[in-house]
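Remarks on the structure that follows.
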4 protein chains.
Amino acid sequence: MAKAMEGDGAPVPQRLLAAATRLFAEQGYDRTSVQEIVEAAGVTKGALYHYFGSKEDLLQEVYARVLRLQQERLDAYANADAPIEQRLRDAAADVVVTTIDNLDDAAIFFRSMHHLSPEKNKQVRLERRRYHERFRALIEEGQRTGVFSPATPADLVVDYHFGSVHHLSTWYRPGGPLSRQEVADHLADLLLRALRP
Amino acid sequence: MAKAMEGDGAPVPQRLLAAATRLFAEQGYDRTSVQEIVEAAGVTKGALYHYFGSKEDLLQEVYARVLRLQQERLDAYANADAPIEQRLRDAAADVVVTTIDNLDDAAIFFRSMHHLSPEKNKQVRLERRRYHERFRALIEEGQRTGVFSPATPADLVVDYHFGSVHHLSTWYRPGGPLSRQEVADHLADLLLRALRP
Amino acid sequence: MAKAMEGDGAPVPQRLLAAATRLFAEQGYDRTSVQEIVEAAGVTKGALYHYFGSKEDLLQEVYARVLRLQQERLDAYANADAPIEQRLRDAAADVVVTTIDNLDDAAIFFRSMHHLSPEKNKQVRLERRRYHERFRALIEEGQRTGVFSPATPADLVVDYHFGSVHHLSTWYRPGGPLSRQEVADHLADLLLRALRP
Amino acid sequence: MAKAMEGDGAPVPQRLLAAATRLFAEQGYDRTSVQEIVEAAGVTKGALYHYFGSKEDLLQEVYARVLRLQQERLDAYANADAPIEQRLRDAAADVVVTTIDNLDDAAIFFRSMHHLSPEKNKQVRLERRRYHERFRALIEEGQRTGVFSPATPADLVVDYHFGSVHHLSTWYRPGGPLSRQEVADHLADLLLRALRP
DNA sequence: TATGAATGAGAGTTCATTCAT
DNA sequence: AATGAATGAACTCTCATTCAT
């Protein structure tokens, strides 16, 4: 008798977040109605507004979750005890794998960020900034120590790499010719090769 | 006494396209109402529907215009009479310059493509594909002739580069520390360095 | 086949205003839905929002109309060529008659003014103020010339009289024992008697 | 650390009534949500519904309290051992002072009575009626004994006076040029002067 | 070639009330 | 005596599109 629902037994807020994430990724934020979300989560509109102040809050929660996760992983790799070359390669490859594992989040990220209100946008940008800067510090460290070529400003190198990471949600499909690990290795390799002195 | 309008003296369809391009880039496709577009263009709704069948047609026209332009430029650089290294570098740098010159178009492209109906989407993807393949052919040519490293599949290299091009609309701001030409040189350089054998 | 509608042949904006006035008076502003208004006027919601920016605009229009009417009438009586006693009595009686003729407007006025947004409220209060002051000037003129007792500040006298006018919508019902003219004469008489030196 | 609340130490029902009275007066009955009331009172929704059957019951309680109070005071003044002129003046002035002391109640009264369900409305009207009639009896007594002019029906005189009393919440502000006692004296004076034979 | 009034479906959000605990 | 998650209906307002002129 029961209809298929997003994570049937899970707590309501999680069910809502899961449904929203999938629908935002599939259809875009504006094209997804609150009605669709609550139907997919198997709850009523009232329940949604009991837990989230607005549809926009839901979007922000999606962001917050993925940002937290990626920052933690980057910190772990960046602070590891290994040569700088190894640490950058690991971090660069890991963000690819993690992004492929959460392609929906990534798709939402790069298409829907401008749907956030100015203040929320600002907050998300701030956290993005921290992430960007930790990554840049790795590149600068290698440039300072002569391991990486200083030919390109580190900022630009970061944007070069993350451009390709964001782009993944446009072309990568699970089941394609390359596994996520292969893609990650190739992209990290391209980055490291570009940085050779 | 007249209010400022998009390309005041230009023909109505151009005025509408210019207004739509700006507004789609600023606010997103769904957030831009037909009313806003006609007001910005200084015409009435009836006029818009006289020239364009729907709001979506307007979006497709924006795409068609930029795709045509970029394909022409790529063809010119790719078919030039120069060593492969030079031709790839020129093409890679040119797409950066052209994208920065049309940041609005780029922003629309990577945020709003999924707003097109399936059939129009298909058509746009097809043209994108042609573009991608011409670029890939350049890389494969260099790999075949030993000028570029064959370590990474050419497809992936194309996506690596175009990821960073798409990403430009996220971070590049005119008036920043780097001119468009400097950015273009740096990004083309990164690509070529990554392809060194 | 046609349903009963507010002023069937009249232009749409008038039909909407008439329907809104009646419903606001009967049920209050907040209790009246836009849906009810458009149904009573025999149009669709879209039509309402084509002519009025919001439900609140409709309310403001009701105010603006009645304020304009009453100010015109007061000016006519106050500027007439007659002894001050006569002019005050005429003005005082006329506002009673006019109010009874538009009991709906009056009811809305004294119950729903606080539903207007601060800026609109301010504007309405300003026009009310002008009306109040023209009336007060009449009383002060009589007090200065010794025709009326100066025992009570003119401001207070104005509020005394208008309190009873506002109150009409609470108790007066057409078809009661007193005609509107009789009520008007009595209330004007009370005012004049209170002002006897 | 606790937030400021309505009558912090008082019993819950009183806290709720105080919060509701203030909010209804400030924003109107319909614009005040149950959530706002319970937050202002520092309790939860469940507590409100434990003591009051509905939001409307809360409104009726506000009415009942003020009606009880005013009836008691009127009875005291009306039944005093003093000349009719004195008793009317005292009662007329007292209702002004009491109203000014409870301007919130008055504002609610004259704006929100139509929000009560028909049956509750009826009951409130009945109590109002009793009050009105006690007051009218005073005027009739004076008219019968020749102390007051019989020119105006006593009913109308009552409405004349109470119109101005209701109107107080519209214009009177504590801290203005007239104290509540001065306003009361002036308004009682106007009534008595209007009734002079 | 262009107008703008009108449509009608659907959007996000609010809210009084209930009920298992 | 009190909680707070959940309901479900109603709310105001928006919008792409049509069509008589």
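Note that this is a predicted model, so its numbers are computed, not measured. Numbered from 1 within each chain, the chains take letters A, B, ... in sequence-line order.
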task = Applying ring pair (Phe, Tyr, Trp, His ring centres under 6.0 Å), name anything that partners B/Y29, two or more places apart in sequence or on another chain.
result = B/F24, B/H115
request  = Report the residues that fulfil side chain to side chain contact (heavy atoms under 4.5 Å, CB included) with B/L126, sequence neighbours left out, ordered by chain and then residue number.
outcome  = none
Qualifying residues under side chain to side chain contact (heavy atoms under 4.5 Å, CB included), relative to D/Q27, sequence neighbours excluded =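 In terms of side chain to side chain contact (heavy atoms under 4.5 Å, CB included), with neighbours along the sequence ignored, D/Q27 is linked to D/L23, D/R31, D/T32, D/E36.
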ask   = Stem ranges for DNA chain E, with three or more consecutive Watson-Crick or G-U pairs under 3.5 Å?
value =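 Runs of three or more consecutive pairs: E:2-21 with F:2-21.
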request  = Ignoring hydrogens and angles, tell me if any N or O in the side chain of C/R15 forms a donor-acceptor pair with the backbone of C/V38 under 3.5 Å.
outcome  =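 Side chain of C/R15 to backbone of C/V38, a donor-acceptor pair under 3.5 Å: no, none is there.
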All salt bridge (Lys or Arg N to Asp or Glu O under 4.0 Å) counterparts of [X], not counting sequence neighbours:
| X | result |
| --- | --- |
| C/R65 | C/D105 |
| C/E26 | C/R22 |
| B/K120 | B/D57 |

Distance, rounded to the nearest Å, where B/E39 contributes CD and F/dC15 contributes P =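 Rounded to whole Å, this separation is 11 Å.
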request  = Starting from P on F/dA5, measure out to CD on A/Q14 and report it in whole angstrom.
outcome  =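 One finds 14 Å between P of F/dA5 and CD of A/Q14, rounded.
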inquiry  = Suppose we call a contact any N or O donor and acceptor under 3.5 Å apart; does that hold for the side chain of D/K45 and the base of F/dT3?
reply    =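 Looking at the base of F/dT3, it does not pair with any donor or acceptor on the side chain of D/K45 (distance under 3.5 Å).
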query = When the ring centroid of A/F110 is compared with that of B/F110, is the distance short of 6.0 Å?
reply =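 No: the rings miss the under 6.0 Å criterion.
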query = Between residues 48-61 of chain D and DNA chain F, which residues have a heavy-atom gap below 4.0 Å?
reply =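 DNA chain F contact set from residues 48-61 of chain D: D/H50, D/Y51.
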ask   = Considering only heavy atoms from C-beta outward, does the side chain of D/T21 approach that of D/N102 to under 4.5 Å?
value =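 No, their side chains stay 4.5 Å or more apart.
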query = Within 45 degrees of the axis of the six-membered ring of C/Y63 and under 6.0 Å from its centre: does C/R128 put its NZ or CZ there?
reply =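 Judged by the rule (NZ or CZ under 6.0 Å from the ring centre, within 45° of its axis), C/R128 is not positioned above C/Y63.
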inquiry  = Please list, in numerical order, the residues of residues 27-34 of chain B that have a heavy atom closer than 4.0 Å to any atom of DNA chain E.
reply    = none
note = Per the under-4.0 Å heavy-atom filter, residues of residues 111-122 of chain C near DNA chain E come out as none
message = According to ring pair (Phe, Tyr, Trp, His ring centres under 6.0 Å), does anything in residues 38-57 of chain D pair up with another residue at least two apart or in another chain? List the pairs.
response =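 Counting only pairs at least two positions apart or across chains, no ring pair (Phe, Tyr, Trp, His ring centres under 6.0 Å) contact touches residues 38-57 of chain D.
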query = For DNA chain F, whose closest nucleotide is more 5', that of C/Q35 or that of A/P13?
reply =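 Counting from the 5' end, the first nearest nucleotide belongs to A/P13.
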request  = Name the residue closer to the 5' end of DNA chain E, choosing between C/T44 and A/G46 according to the nucleotide with the nearest heavy atom.
outcome  =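 Nearest-nucleotide comparison on DNA chain E picks C/T44.
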ask   = Any side-chain donor-acceptor pair under 3.5 Å between D/Q35 and D/E39?
value =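 Judged by distance alone, the side chains do pair up.
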task = List for me each residue that meets side chain to side chain donor-acceptor pair (under 3.5 Å) alongside B/S112, sequence neighbours excluded, and say none if there are none.
result = none
